[in-house]
Amino acid sequence: MQELTHYINGEHVKGTSGRFADVFNPATGEVQAKVPLANAAEMAKAVEIAAKAQPAWAKVNPQRRARVMMAFVGLLNRDMDKLAEALSREHGKTLPDAKGDVIRGLEVVEYCIGAPQLLKGEFTDSAGPGIDMYSMKQPLGVTAGITPFNFPAMIPMWMFAPAIACGNAFILKPSERDPSVPLMLAELMEEAGLPKGILQVVNGDKEAVDAILYDDTIQSVGFVGSTPIAEYIYGTGCAQGKRVQCFGGAKNHMIIMPDADMDQAADALVGAGYGAAGERCMAISVAVAVGDETADRLLEKLVPKVEALKVGPYTAGNDVDYGPVVTAAAKANIERLVQTGIDQGAKLVVDGRNFKLQGYEDGFFVGPHLFDNVTKDMDIYTTEIFGPVLSTIRAKTYEEAIGLAMDHEYGNGTAIFTRDGDTARDFANRINIGMVGVNVPIPVPLAYHTFGGWKKSMFGDLNQHGPDAFKFYTRTKTITSRWPSGIKEGGEFSIPLME
Ligand code: NAD
């Protein structure tokens with residue numbers, strides 16, 4: 001059995017707390033490794049090392065810091081297959097999807113190569129008599145991030161690449177479910193030229209998270225995961241005076257108008273609902289068909305596509321549409337919610353309950369489920385299921401459909417499928433959700449835009465990646481300077497007016 005490590009000060013370091021978590025191969029159900037769970041002393045050691053290393057890194061000019069990012073991109077491409085295989089083995093997603101996970105992170109690293117431009121300050125010549133005023137963006141110091149299991153490459157990179165490009169040190173506390181890829185990324189960053197101690201990986205659970213939240217040296221905390229934990233981290237981190245951004249759960253609605261291209265809508269739903277076994281924060285989990293006739297036409301196309309989905313291990317290559325879910329507990333939770341759907345009166349039109357895969361009986365596979373006649377009081381509608389379960393709601397009108405998405409507590413992503421520009425425009429303007437697709441089911445913004453939901457899907461002010469990340473990982477200092485004559489003119493006792 002492999003014993004994983006932390007990555008501290010450029011070295012793989014064994015855990016000393018005596019506590020470990022099992023890391024599974026979700027396809028076989030076997031424990032393939034154990035990951036150490038750090039205690040507060042181990043976290044404090046990493047913070048001390050980060051705090052020592054960071055000032056010198058902040059002095060490295062932004063162009064040279066960007067060159068590390070450039071080299072890192074090259075190494076990610078060199079090791080793409082290795083990274084994807086390690087990712088699939090612990091997460092369960094298919095290899096092409098695992099590569100997508102790495103690539104969506106890599107794109108943010110590419111954006112960070114623009115650090116010299118993005119970190120430029122502002123300057124006002126002659127803001128007053130003989131006075132110049134300028135502002136600069138300075139790094140925060142030691143920063144930290146806590147990431148979820150579902151994108152073990154992408155989300156760590158969304159955090160550490162801008163943090164480090166801005167001149168900070170970064171401590172990553174990855175998900176204990178799939179920690180191998182984050183460890184590999186830290187090694188690659190050093191191979192790319194990053195000094196030791198600037199990117200460290202400290203594995204753990206709540207104990208390590210609390211050590212981050214209550215550490216006085218750590219200046220900022222980024223979190224991505226479920227909403228209850230996001231709320232806890234946001235509240236606790238802010239109360240400790242830290243800068244915090246937390247991204248939580250989702251229940252993404254796709255609205256299908258009567259004039260939509262039904263083939264396109266059905267294809268979009270099958271990919272966005274079941275890809276990665278529904279374990280994406282931008283997965284579509286609710287299809288809202290406007291009108292009974294639309295629902296019937298949609299389901300006629302959708303049902304055969306859902307029934308034809310191929311579920312299997314990543315090792316089966318391109319023959320698989322999605323893999324297992326991450327743990328036995330996740331599988332049990334999905335099955336429990338499916339049962340509540342049936343009990344509360346929804347119609348299960350594709351029943352994945354008895355799904356079994358020969359040779360993988362102990363894997364955490366869940367067959368595809370499709371519900372019709374879901375209503376807004378049902379648990380399968382109010383709860384984030386995070387599995388291959390799609391709910392169909394029949395709305396009578398467009399207003400009822402948009403109202404459903406607006407009233408839901410989550411507000412991560414949404415989409416509308418229509419041929420009518422006026423409806424699409426109205427939807428995009430009125431909806432209280434952070435990321436909107438028009439005939440695009442998973443509207444994940446690219447690296448140079450920003451990513452973030454609204455309502456209970458996001459706590460904080462600034463989004464992930466794009467220009468917001470460079471704001472989150474720096475603070476502004478504004479300097480007013482006068483040389484040197486005014487200094488001799490005696491004191492001024494009212495607020496300076498620059499006249
Ligand atoms: P999770 O909340 O269980 O875990 C996320 C992180 O928090 C992990 O590092 C974990 O170790 C830590 N953690 C878990 N319990 C904790 C506790 N009690 N106290 C402190 N820390 C704790 O989430 P997950 O299951 O890994 O990921 C799935 C969730 O993440 C889903 O809800 C999904 O929607 C959400 N997600 C959101 C986004 C987004 O951008 N909004 C992106 C990806 C995933």
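These figures come from a predicted structure and were not determined experimentally. Worth knowing before you read on, the calculation uses all heavy atoms, side chains too, and leaves out hydrogens, waters and symmetry mates. Read the numbers this way: they start at 1 and go in the same order the structure lists the ligands and their atoms.
- Checked by distance only, ligand 1 and Lys173 come closer than 3.5 Å through their nitrogen or oxygen atoms.
- Side chain of Glu42 to backbone of Asn39: a donor-acceptor contact under 3.5 angstrom is found.
- Geometrically, Lys173 does not engage Phe223 in a cation-pi contact, judged by NZ or CZ lying under 6.0 Å from the ring centre and within 45° of the ring axis.
- By the criterion of a heavy-atom distance under 4.0 Å, neither the backbone nor the side chain of Asp210 is placed next to ligand 1.
- Ligand 1 places these atoms under 4.0 Å from at least one heavy atom of Phe247: 39 (C), 40 (O), 41 (N).
- The main-chain N or O of Ser220 is never found under 3.5 Å from a side-chain atom of Thr143 such that the two would form a donor-acceptor pair.
- Aromatic ring centroids of Tyr111 and His465 lie 6.0 Å or more apart.
- The closest protein non-hydrogen atom to atom 27 (O) of ligand 1 is Pro148 CB, 3.3 Å.
- Neither the backbone nor the side chain of Val326 comes within 4.0 Å of ligand 1, counting heavy atoms alone.
- Residue contacts with ligand 1: Phe149 is placed with a nitrogen or oxygen under 3.5 Å of a nitrogen or oxygen of the ligand (distance criterion only).
- The pair Lys456-Glu231 meets the salt-bridge criterion, since a charged nitrogen lies less than 4.0 angstrom from a carboxylate oxygen.
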Set out, in order, the CA-CA distance, both residues' side-chain angles and the distance that settles ring-ring contact (aromatic ring centres under 6.0 Å, His included) for His253 and Tyr381, then state yes or no.
CA-CA 10 Å; His253 294 55; Tyr381 178 69; 5.4 Å; yes

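- Both tests hold for Lys34 against Phe20: distance to the six-membered ring centre under 6.0 Å, angle to the ring axis within 45°.
- Taking 4.0 Å as the cut-off, Phe151 does not count as a neighbour of ligand 1 on heavy-atom distance.
- Side-chain atoms of Ser17 come within 3.5 Å of backbone N or O of Leu37 as a donor-acceptor pair.
- Every atom of ligand 1 with a heavy atom of Gly248 under 4.0 Å away is listed here by number and element: 34 (O), 35 (C), 36 (N), 37 (C), 38 (C), 39 (C), 41 (N).
- Taking atom 3 (O) of ligand 1 as the reference point, the nearest protein heavy-atom neighbour is Ser226 OG, 4.0 Å.
- The minimum heavy-atom distance between Val320 and Pro313, with the atom names listed, is CG2-O, 3.6 Å.
- Listed by atom number, the atoms of ligand 1 under 4.0 Å from Ile155 heavy atoms are 42 (C), 43 (C).
- Summary of contacts: the protein heavy atom closest to atom 22 (C) of ligand 1 is Ile229 CG2, 3.6 Å.
- Phe364 has its ring centre less than 6.0 Å from the ring centre of Phe24.
- For ligand 1, the atoms lying closer than 4.0 Å to a non-hydrogen atom of Val209 are 20 (C), 21 (N).
- Ligand 1 has Ser175 within reach: a non-hydrogen atom of the residue lies less than 4.0 Å from it.
- For ligand 1 and Asn150, the ligand atoms under 4.0 Å from any heavy atom of the residue are 43 (C), 44 (C).
- Nearest to atom 40 (O) of ligand 1 among the protein's heavy atoms is Phe451 CE2, 3.1 Å.
- For the pair Thr147 and ligand 1, the shortest N or O to N or O distance falls below 3.5 Å.
- Close contacts of ligand 1 with Ile146, meaning ligand atoms under 4.0 Å from a residue heavy atom, involve 6 (C), 7 (O), 9 (O).
- Heavy-atom contacts of Glu176 reach the following atoms of ligand 1: 10 (C), 11 (O) (cutoff under 4.0 Å).
- Put simply, the side chain of Gln219 gets close to the backbone of Thr217: a donor and an acceptor are under 3.5 Å apart.
- Given atom 31 (C) of ligand 1, the protein heavy atom at minimum distance is Glu384 OE1, 3.5 Å.
- When Pro174, Gly225, Gly249 are ranked by how near their heavy atoms come to atom 35 (C) of ligand 1, first place goes to Gly225.
- Looking at Glu335, Arg336, Lys331 one by one, the single match for side chain to side chain donor-acceptor pair (under 3.5 Å) with Asn333 turns out to be Arg336.
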